[in-house]
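Read through the structure below, which is laid out as C-alpha cells, and then see the notes.
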Amino acid sequence: MDDAGRVPYFPRTMSAPVRVRFAPSPTGYLHVGGARTALFNWLYARRTGGTFVLRIEDTDNARNSQAAVDVILSGLRWLGLDWDEGPLTGDADGPVNGAHGPYFQSRRGDVYRRRAEELKASGHAYEKDGALFFRMTREPVTIPDLVVGDVVRPLTDREALDPDWVLVRSDGVPVFHFVNVVDDLEMGITHVIRGEDHLSNTAKHVALFRAFGVEPPKYAHIPLILNLDGSKMSKRDQGASVQSYVDEGYLPEAVINYLSLLGWSAKDVPELFTKEEIAPRFELADINRANARFDLKKLEHFHFEHARRLAPDRFVQAGVEALLKAGIDTSAFPTGYVSSALLTAQEKGKLLKELPTWTDFYFAADDAVVFDPEAKAKALAPAAMPVLQKLGERFAALPGFDAVSLEATLKALATELGVKVGALVQPCRVACTGRLVGPSLYHLLEVLGREKVAKRLARVSTEG
RNA sequence: GACCCUAUCGUCCAGCGGUUAGGACACCGCCCUUUCACGGCAGUAACCGGGGUUCGAAUCCCCGUAGGGUCGCCA
C-alpha cells in the first residue's frame, strides 16, 4: 500500500503479465460483434500467455436476465473460448475460477461503495440531488489506442455545458462507466480490447483511472461489424446472434475462422485455420481500423471447408446429433453403418441442419423411402422399370457389393442396353434415396448394402 | 448541434513513396463428372472527390463528401 492507503496498481510494463477480459451485459443474446470481441481477447491472452477474464456486467438496469447470462456462457463455450477467470456457471453466487471475484457486478456492491468513498475523499466526486457525480476534467483527454493511435477527445458542446457525470445514481446503483473502470482496476486488467463504440467514452474512463491515481490500461478499440448494407446489426438481423449459428448448423470452427478475419489479418497466414493455429500470430497492431460488413456467403464457405476437414469421428458425432434434432434416431442401427452412412455426406460440406436431407434415406425402412414428387416423375417413369429390374438382377449376382464393382456393373449394363449411364443412375438413385441429389451413388449403394438395395429396387420396379 | 473513428474490386483482407494494384468469397465462361458438389483453367471487378508535398503517390498532409460511433441517474 502507498501513503494514501491504496493498493498499488499493477505496473504496466511490457513484461507485465497480460490480463484481458470480456465483459458482456446479459441483456438478451450474444451478439456476433461481442463474440468477436471475446475472440480477440482470447487470442491475445493465448498469444501472450496471459489471462482471459470473463466478467458479467449485470448492474441493475431491469434488462438483465438469467436466461441471457446462460446464453452468453453457452455461446462462449460453443465457440471454444474458454476463460481462465470468471464464473463456472450462470449462477451469480456459484463457483468461480480466479481470485479477483466476484465476477458478477451485481455482487460487487461493496467494492463500488469503497471506491466511491475514495473518490469523495480525494475530492474527485461530490453528491448532488442524491447522486454521486464525477468531477470530469475540462481539458481534452488523450486516449492511447493500440489500433487507431492516440485519440484526442475534447468535450462536446453538450458536455462543455455540464462536464460532470454520474458515478452512482440516486437509487444507489453505480453506472457502467464507473463499475467498468473500477473492475478493470481491481481485476488488474492490462489491455482493454473492446468495440469501437466505446472509443469516445474512453475519455471518461481515462479520467477516472487518473482520479484513482493510476494510469489506464492499454486500449485497443476494434471496428464494428455491420450488415452487408452498412447498417447497424441488431438482434433481428441475420447472423447477429451466435445462437443462430448453432441453430443453422454451422461448425464453431467456421464461425471462429470467419470472425477472426473480420477486422484482423496477418501476413503469410493461410485463410483457413483454427484459433489455436493463429493465436501465436495474433497482434493487436494487425487489427484493422475500418468497420467490416457481415457476409453470410463467406461464412458458409468457411463452414464448407471446415466441415470437410473435420475429423471423421467428430463429423459423425455432429451428424448424429443433427439427425436426432430432425427427429431421426440412429441408435437402432449398427454404429459402423451410421458412421459409414454419414461419412458419405461429409465431402458435401453442408450445414449440419441440412444433413438429414442428405442422409435420412439410410435410416428409412426399405418400403418407406419417401419419394420427392419431382424426382419420382423425372426418374421413375414406367419406361425405366425394365432397366431398373435388370439392374437389380445384375447387382444381386455381384460377388462383392462395393462401390467399384457397382459402378462397373452399372456402366456395363448401360453399354449393353445402349442407354446413357444417366438413364440407370437416376432411377437407381431415386429408388434408393427418394431424391435426385445426394451422396455419390456407388458409395451410397455400398453402404446401404446388398439387401436394402435389392428391396428398394424391387419395390419401385414392381410397384411402378 | 458538437466531438471521435474510418474510406482499395459487390464483400473480407494485402499494399505501409516507385507493383501489369495481389489473394479469398461471390459472380461468369470452359474442362472434369452424365446426381449435387469438389477439383483444374481462364475472366469480370477497386484505390470516394479535390487540392497539395514529392522526380514519383492507393500509400504522407489539408479540405470536402460519405459511412460508422459518442455526447443518459442505459450498458
Side-chain angles (χ1 to χ4, degrees), chain A residues 23-27 57-64 105 128-133 140 143 145 147-149 151-163 165-180 195-204 221 223-226 228-232 258-272 286 288-302 304-305 308 345 347-350 358 375 379 411 414 419-426 428-430 433 435-442 444:
Chain A
S25 323
T27 56
E57 305 223 332
D58 63 339
T59 48
D60 182 20
N61 66 353
R63 291 194 296 163
N64 299 152
Q105 292 187 327
K128 191 180 89 181
D129 300 328
L132 186 68
F133 282 74
I143 303 160
D145 190 279
V147 175
V148 292
V151 175
V152 180
R153 231 309 303 255
L155 295 178
T156 65
D157 59 353
R158 194 181 305 254
E159 289 168 334
L161 254 32
D162 188 14
W165 44 276
V166 172
L167 291 167
V168 183
R169 292 180 287 231
S170 50
D171 63 1
V173 180
V175 304
F176 163 76
H177 300 301
F178 181 53
V179 297
N180 189 266
E196 196 203 79
D197 48 338
H198 288 291
L199 182 55
S200 290
N201 281 328
T202 303
K204 291 178 177 174
H221 286 94
L224 270 21
I225 299 177
L226 310 175
L228 210 45
D229 66 5
S231 62
K232 187 176 180 175
Y258 177 63
L259 255 27
S260 300
L261 260 10
L262 228 42
W264 175 86
S265 68
K267 262 197 176 53
D268 307 320
V269 171
E271 285 209 333
L272 207 68
D286 292 330
N288 226 54
R289 288 155 301 281
N291 290 341
R293 299 176 187 222
F294 186 83
D295 185 0
L296 202 63
K297 281 273 176 53
K298 187 130 186 183
L299 207 211
E300 281 171 8
H301 165 72
F302 280 114
F304 172 81
E305 298 293 352
R308 304 186 71 197
E347 61 170 356
K348 303 298 179 183
K350 293 289 173 183
W358 287 74
K411 285 183 173 170
V419 298
K420 291 185 290 184
V421 177
L424 285 180
V425 167
Q426 292 294 57
C428 181
R429 171 182 293 283
V430 175
T433 73
R435 293 196 180 86
L436 244 16
V437 298
S440 159
L441 177 67
Y442 310 111
L444 131 207

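Here is the naming used below: chain letters follow the sequence lines, and residue numbers restart at 1 for every chain. Values in this document were obtained by computation on a predicted structure and should not be read as measured data.
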Check: Is there a Watson-Crick or G-U wobble partner for B:rC73 with both distances under 3.5 Å, and which nucleotide is it?
Finding: none
Item checked: Separation of the P atoms in B:rA2 and B:rG64, to the nearest angstrom -> 12 Å
Next item on the list: Give the rounded distance in Å between these two atoms: CG of A:Leu259 and C1' of B:rC12.
Entry: 12 Å
Note to self: Less than 4.5 Å apart, side chain to side chain, heavy atoms only: is that true for A:Phe302 and A:Leu261?
What the structure shows: yes
Note to self: Could you identify the nucleotide paired to B:rG43, looking across every strand shown and requiring Watson-Crick or G-U wobble geometry with both distances under 3.5 Å?
What the structure shows: B:rC27
Note to self: Nearest whole Å is fine: how far is B:rG68 C1' from A:Ile225 CD1?
What the structure shows: 14 Å
Next item on the list: Could you pick out which residue, A:Leu262 or A:Phe302, lies toward the 5' side of RNA chain B when each is mapped onto its nearest nucleotide?
Entry: A:Leu262
Next item on the list: Using Watson-Crick or G-U wobble geometry with both distances below 3.5 Å, tell me the partner of B:rC38, or none.
Entry: none
Item checked: Watson-Crick or G-U wobble partner of B:rC48, both distances under 3.5 Å -> B:rG64
Note to self: For nucleotides 70-75 of chain B, give me one character per nucleotide, 5' to 3': B if any protein heavy atom sits under 4.0 Å from the base, S if the only such contacts are to the sugar-phosphate, - if neither.
What the structure shows: SB-BBB
Checklist line | First encountered from the 5' end of RNA chain B, between A:Val152 and A:Gly230 | finding: A:Val152
Item checked: A:Ile143 to A:Ala203 - nearest heavy-atom pair and separation -> CD1-N, 3.7 Å
Checklist line | Distance in angstrom units between A:Asn291 CG and B:rU11 P, rounded | finding: 13 Å
Check: Base, sugar-phosphate, or nothing: which does A:Gly195 touch, judged by heavy atoms less than 4.0 Å apart?
Finding: nothing
Notebook entry, point to check: Using purine N1 to pyrimidine N3 plus N6-O4 or O6-N4 for Watson-Crick, or N1-O2 and O6-N3 for G-U wobble, each under 3.5 Å, what pairs with B:rA58?
Noted result: none
Margin query: Tell me if the side-chain of A:Lys298 makes a donor-acceptor pair with the base of B:rA26, cut-off 3.5 Å, by modelled atom types.
Written below: no
Next item on the list: Measure from CZ on A:Arg289 to C1' on B:rC12 and round the result to the nearest Å.
Entry: 15 Å
Checklist line | Nucleotide B:rC5, atom C1' - distance to CG of A:Asp145 in whole Å | finding: 10 Å
Next item on the list: Kindly point out which of B:rG69, B:rC13, B:rU11 is positioned nearest to the side chain of A:Leu224?
Entry: B:rG69
Check: Sub-3.5 Å donor-acceptor pair from the side chain of A:Asp229 to the main-chain atoms of A:Ser231, do we have one?
Finding: yes
Next item on the list: Using a 90° cut-off around 0 for syn, call B:rC63 syn or anti.
Entry: anti
Check: Under the 3.5 angstrom rule, does the side chain of A:Asp286 hit a backbone N or O of A:Trp264 as a donor-acceptor pair?
Finding: no
Checklist line | Span that lies between the C1' atom of B:rC9 and that of B:rG69, in whole angstrom | finding: 26 Å
Next item on the list: Output yes when a side-chain donor or acceptor of A:Tyr258 lies under 3.5 Å from a complementary backbone atom of A:Asp295, and no otherwise.
Entry: yes
Checklist line | Whole angstrom value for the distance that separates P of B:rA24 from CG of A:Asn288 | finding: 19 Å
Notebook entry, point to check: Once you round it to whole Å, what is the distance between C1' of B:rC25 and CZ of A:Arg293?
Noted result: 16 Å
Next item on the list: Using the P atom as the reference point in each nucleotide, state the distance between B:rC31 and B:rA37 in Å, no decimals.
Entry: 16 Å
Item checked: Nearest-0.5 Å distance that lies between atom CG in A:Asn288 and atom CG in A:Leu262 -> 9.5 Å
Next item on the list: Go along nucleotides 34-39 of chain B 5' to 3' and tag each nucleotide: B for a protein heavy atom under 4.0 Å from its base, S when only backbone or sugar atoms are that close, - otherwise.
Entry: BBB-S-
Note to self: If I pick the P atom on B:rC30 and the same atom on B:rC12, what distance separates them, to the nearest angstrom?
What the structure shows: 30 Å
Next item on the list: Can you tell me, in whole Å, how much space there is between the C1' of B:rC28 and that of B:rU44?
Entry: 7 Å
Margin query: Whether the side chain of A:Arg429 engages the backbone of A:Pro439 through a donor-acceptor N/O pair (distance < 3.5 Å, no angle test) should be reported.
Written below: yes
Next item on the list: Using the six-membered ring of A:Trp358, assess whether NZ or CZ of A:Lys348 lies under 6.0 Å from its centre and within 45 degrees of the ring axis.
Entry: no
Checklist line | P-based separation of B:rG43 from B:rC62 [nearest Å] | finding: 40 Å
Checklist line | Side-chain donor/acceptor of A:Arg293 to backbone N/O of A:Leu226, under 3.5 Å | finding: no
Note to self: Between P on B:rC3 and CG on A:Leu161, what's the gap in Å once rounded to a whole number?
What the structure shows: 14 Å
Notebook entry, point to check: Would you say the side-chain atoms of A:Arg153 pair up with the backbone N or O of A:Ser200, donor to acceptor, closer than 3.5 Å?
Noted result: yes
Check: Less than 4.5 Å apart, any side-chain heavy atom of A:Gln105 and any of A:Phe176?
Finding: no
Note to self: When the P atoms of B:rG23 and B:rU34 are compared, how many Å lie between them, rounded to an integer?
What the structure shows: 32 Å
Note to self: Could you tell me how far B:rG49 sits from B:rG67 if I compare only their C1' atoms? Round to whole Å.
What the structure shows: 15 Å
Note to self: If the cut-off is 4.0 Å, is A:Lys267 near the phosphate of B:rG15, judged by side-chain N/O to OP1 or OP2?
What the structure shows: yes
Notebook entry, point to check: Looking only at atom types and distance, does a side-chain atom of A:Asp145 sit under 3.5 Å from a main-chain N or O of A:His221, one as donor and one as acceptor?
Noted result: yes
